[in-house]
Amino acid sequence: MCGIFGIVSRKDINIGKIALEGIKRLEYRGYDSCGIVTQYDSKLFVKKDAGKIDVIHKKLKLDEFPNESKLALAHTRWATHGAPTKINSHPHLDCNDKIAVIHNGILENFIELREELLSKGHIFKSETDTEIIPHLIEDNLKTNGDLKIAVANAIKKCIGAYGLAICHADYPDTIIAVRRESPLIIGIEDGKTTYCASDIPAFLPYTNKCYILEDDEMAILKAGTVEFYDVNNISVPKQKEIQKIDWSIKAAEKGGYKHFMLKEIYEEPTALRQTMKISNDSLKDFAETLLSAERIYITAAGTSFYAALAGKFIITKFLGKYIQAIECSEFKIELENSLEENSIIIAISQSGETIDLIEAIRWAKESKQRVKVLSITNIVGSTITRHSDKVLITQAGPEIGVAATKTFVTQILAQSLVALEIAKLIRTESNDEIQKYYNALYSTPKVIENFLEKNIDLIKYIVRSLEKNLNFFFLARGISIATAKEGGLKLKEVACRFIEGYSAAHAKHGPISLVREGYPIIFIAPPDNTYERLIGNLMEFKSRGGKIISLVVKEDKKIADLSDITIRIPQPGDKYHTLFSPITFIPALQLLAYYAALEHNLDPDKPLNLAKTVTVH
Ligand code: M6R
C-alpha cells in the first residue's frame, strides 16, 4: 500500500536514477501514481503524475534532476484519499514549497486537522490526508526553529497509520523518517549513503545492513549515518541493533523471466527447500504451545487465509483438536463475546503488515484472556513479529509479484512441519509412519519441479480452451477446498475472471444451476478420503453437460477416465503424499491464472486496484 524510498548520499551518483530504481522495486505496493523530489541549493525539485512509473518516466524523465542533488524522496501510490491524479500524487509540499513529505498509511483525523490548518491560512492543493503533514510541520516550525522538534510535534497530532519520509529545502543533508503501523526500514552503507524504504528490496542492490523502525520511532538520516529517537523523547538518541538481511538482490529481480509471478512460481521448489531448514527448536516450541492450548484459532487474509485453511487440516490431523479458522477482518466481531482463556492464535501473513491481522491479534492480546499469538510470516522484523509470542519465518525470499505464489506453499509447509513435530511429541503414530509423512513432505519440491518441466503446454492449451468462458468453478472437497479457493483467487486477481473455488458438495445447492452444455468445471481431486464422493459430485455436473477438467495424481484412473482434460501432478497417490497436495497441486492453478492473464493482455504482476501489502482496514 504505497511504496516509500528515500536516499541521502555523499557519493557522486545520479540521485534521480537511484530514486527511480528504488520505487520501481516497490511498485508492487501500489501503482496509481508516482513522484520524486530532490533537493539542492535550498530548493526542492518535484516531478510527479498519475499512472504507472514507466509511463510517467517516459513523459517526465524521472532520472533527470540537478546533478549536484544528493538527497531524494520517491513514492509510488495506491490511492486511498483522493483519486489517482497528478495533484494527489506524492510528494506533498507546504505553503512555501520548502517541506516535502511522502506517506504510506492513512491519517484518520485529517478532516479536523485540515480545518484547523485552513483556519490558520494554510492553502491545500490536493484531496489527500497526507498533505496535512507538511503544513503541520510548517506551522510548528514557526514556533520553534528545529525541524526534528517540528516533525515530532506534528506527528503527535496525527491519529492513524504512517510511514513518512520528510525533507526540507534548507536542510541539505537530512531526511526525517518516522513510523506508526506502516513499515519503514533504514538501510545503511557506512559513511556513504543512507536509505529509507517501505521494504528491503528497494535498497538491497546497495546494502543488506538495515535497522527496522518501530512504532513511534524517528530516524534522522544523514549521508552514511543515522540517529534514532523516540518521538515522545527526542532529546536523547536511542540505540538500535543493526540487522543483516541474507536475501540476495537476484531474488528481487526478474532474472530473465517475463514477470515476477512466473519467476516466483518457478522458485517454489527452492523456497520450500529453504523453509524446510526452519530450526527444530522453533518448531518444537510451536508444537508444544499448541499442545498446551485449550482453544486454537487460525487467522489471516487472502492467500494466507487459504494457506491457513490447508494448514488447519494438516495440524488437526495430528493434534486431534479443533482449530477454528476466521478471516482476520472478522476476528474481533466473531469472538468479542466468546474469546476464551488460554486460547492460542496462529496468525499467518506473507508481509507481516496486513493491518486487519495486526488489529485482530493486538485486540486478542490486549483482552483480559491470556491469549498467545504464534505467527508465520516471510518478513523478519515485520509488525506481526512484534505482536507475537513465537514466530516462524518462512524462507521464500522476496516475493514481488502482487499475487502471492511461493509464499503460499511455504506457509503450508511451515504448518506441516509443526504438524509433524506434534506427531513426534504425542506419539499416536509410529516413528515409521511419521517418517513416511516427512519423506512425502520433503518430496514436494521435486514434484513441483517435475510438474513445471512437462506441463506448460498443457496449461496453455487449457487456458485457450477456456477462453470464451468468463466464469467457471474450481470444485473440491476436504483439504482441497483450500486449493480450489486459492486457485479462484489467483484467477480473479491476475486474469480479471470471476472464477470461484467452491465446495463440490455444496455446489449442488445453487451454483449447479449455471451449468450448460460445455460449461467448464475444474475438479481438484487428490485421492484422499473425499475422492469417491467427489466422483459423485463430478457426475452431477457431467450429466448436465459440464466440461470436466481434473487435477489428479499421476496414476489416477477413475476421475481421469471421466474427464475431458486431465492435469496429472507427478506424485504418488498414497495417504502420505496426498496430505500435502495443496502444496503440489497449486502450481497448476497459479500457472492457469498466469497464462490467462497473458491471454487477456493483462500484467500479472500488477493486478488492477491491488497492492501487495494491505495496510488499510
Ligand atoms: O501479506 P499477507 O499475507 O498478510 O497478505 C494477505 C492478502 O492481502 C494477500 O494474500 C492477497 O490476497 C494477495 N494479493 C493474494 O495473492
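As the structure lists them, so they are numbered: ligands from 1, and atoms in each ligand from 1. Counting begins at 1 with the first residue of the sequence.
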Exercise. For atom 10 (O) of ligand 1, find the nearest protein heavy atom and state the residue, atom name and distance (0.1 Å precision).
Key: Thr303 N, 3.0 Å
Practice problem: Establish, yes or no, whether a centroid distance under 6.0 Å links the rings of Tyr257 and Tyr266. | Solution: yes
Exercise. State whether the shortest distance between N or O atoms of Ser351 and N or O atoms of ligand 1 falls below 3.5 angstrom.
Key: yes
Self-check item: Contacts of type salt bridge (charged side-chain N to carboxylate O under 4.0 Å, His left out), residue Lys446, not counting sequence neighbours
Solution: Glu449
Quiz item: For Thr407, which residues count as a side-chain hydrogen bond (donor to acceptor under 3.5 Å, both in side chains) partner, sequence neighbours excluded?
Solution: Glu399
Exercise. Would you kindly specify which portion of Glu353 sits under 4.0 Å from ligand 1, judged on non-hydrogen atoms: side chain, backbone, both or neither?
Key: neither
Quiz item: Has Leu357 got any heavy atom lying under 4.0 angstrom from an atom of ligand 1?
Solution: no
Quiz item: What atoms of ligand 1 come within less than 4.0 Å of a heavy atom belonging to Ala404?
Solution: 15 (C), 16 (O)
Practice problem: Using the six-membered ring wherever Trp is involved, compare the ring planes of Tyr195 and Phe5 and label them parallel, tilted or perpendicular (cut-offs 30° and 60°). | Solution: tilted
Quiz prompt | Which of the ligand 1 atoms, numbered from 1, are nearer than 4.0 Å to a heavy atom of Ser304 | solution = 2 (P), 3 (O), 10 (O)
Quiz item: Taking atom types as modelled, is there a side-chain donor on Gln411 or Ser304 under 3.5 Å from an acceptor on the other?
Solution: yes
Self-check item: N or O pair under 3.5 Å between Gly302 and ligand 1
Solution: no
